[in-house]
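Keep in mind the model is a prediction, meaning the values are calculated, not measured.
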Amino acid sequence: MTAAAFVVHRKVEGAGKPDVLLLATGSEVSLCIAAYEELKAAGIAARVVSMPSWELFEQQEQAYKDAVLPPDVTARVAVEKASILGWTRYTGLRGQIIGMRTFGASAPLAELQRQYGFTPGNIVAAAKEQVANART
């Protein structure tokens, strides 16, 4: 059985716990990887997690789920171009979700991405805010 969620990038292979988790599926993963690079340059230990199937992820052993999404890392940002529905299961109530909260927008893709916050810069800002909140 496939794990259906896995670590794509972490600051240093084998390093301790990350400062922030960046969660995504599909095309949003590349946005998180770009944000990861900016966070890395800023000295923030980020982990990018691709979660293509929540259902299969939930079928995994708890130890695996905890290794991918460490419970003690509360700074979390999920990025989803479709709907934010269900992401709080993985971000917690204090995490941030960058996602669609409306229906039916129409414009060139780049314009929509900027308008709805689907940019590496916006993900970086959300991640930094999450890290700051987790440290207080």
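Between Ala126 and Ile98, the shortest heavy-atom contact is CB-CD1, 4.1 Å. Heavy atoms only, all atoms of each residue included: Ala75 and Val131 are closest at CB-N, 3.9 Å. Nearest heavy-atom pair, Phe118 versus Val79, reported as atom, atom and distance to 0.1 Å: CD2-CG1, 3.9 Å. Ala35 and Pro120 get closest at one heavy-atom pair: CB-O, 3.8 Å.
Contact check for Val49 versus Tyr90: no side-chain heavy atoms found under the 4.5 Å cut-off. Side-chain contact between Lys128 and Val20 is absent, with no heavy atoms from C-beta onward closer than 4.5 Å.
Distance alone, capped at 3.5 Å, places no donor-acceptor pair between the Asp19 side chain and the Ala46 backbone. Checking side-chain atoms of Gln130 against main-chain N and O of Arg94 turns up a donor-acceptor pair under 3.5 Å. With hydrogens and angles ignored, the 3.5 Å screen pairs a side-chain donor or acceptor of Gln60 with a backbone N or O of Leu56. At least one donor-acceptor pair closer than 3.5 Å links the side chain of Glu80 to the backbone N or O of Ala82.
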Inset, instruction - With side chain to side chain contact (heavy atoms under 4.5 Å, CB included) as the test, would you mind laying out the steps for Val124 and Ile44 before giving the verdict? - result: CA-CA 10 Å; Val124 167; Ile44 296 172; over 6 Å; no
Inset, instruction - Verify side chain to side chain contact (heavy atoms under 4.5 Å, CB included) between Ile123 and Tyr36, making sure each step is shown before the conclusion. - result: CA-CA 9 Å; Ile123 297 167; Tyr36 159 90; over 6 Å; no
Legend entry - Full working for side chain to side chain contact (heavy atoms under 4.5 Å, CB included) between Leu39 and Leu22: CA-CA 11 Å; Leu39 292 165; Leu22 305 177; 4.0 Å; yes
Legend entry - Test log, rule side chain to side chain contact (heavy atoms under 4.5 Å, CB included), inputs Arg89 and Glu58: CA-CA 11 Å; Arg89 173 183 226 167; Glu58 289 302 325; 3.8 Å; yes
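The distance from atom NZ of Lys81 to atom CD of Glu28, rounded to the nearest 0.5 Å, is 5.5 Å. To the nearest 0.5 Å, atom CH2 of residue Trp87 and atom OG1 of residue Thr25 are 5.5 Å apart. Atom OG1 of Thr74 sits about 8.0 Å away from atom CZ of Arg76, to the nearest 0.5 Å. Interatomic distance, CD of Gln62 versus NZ of Lys65, reported as 4.5 Å (0.5 Å rounding).
Test Ile33, Val68, Val29 against Ser50 for side-chain contact (heavy atoms from CB on, under 4.5 Å) and you get one pass: Val29.
Using modelled atom types and a 3.5 Å distance limit, the side chains of Thr91 and Gln96 yield no donor-acceptor pair.
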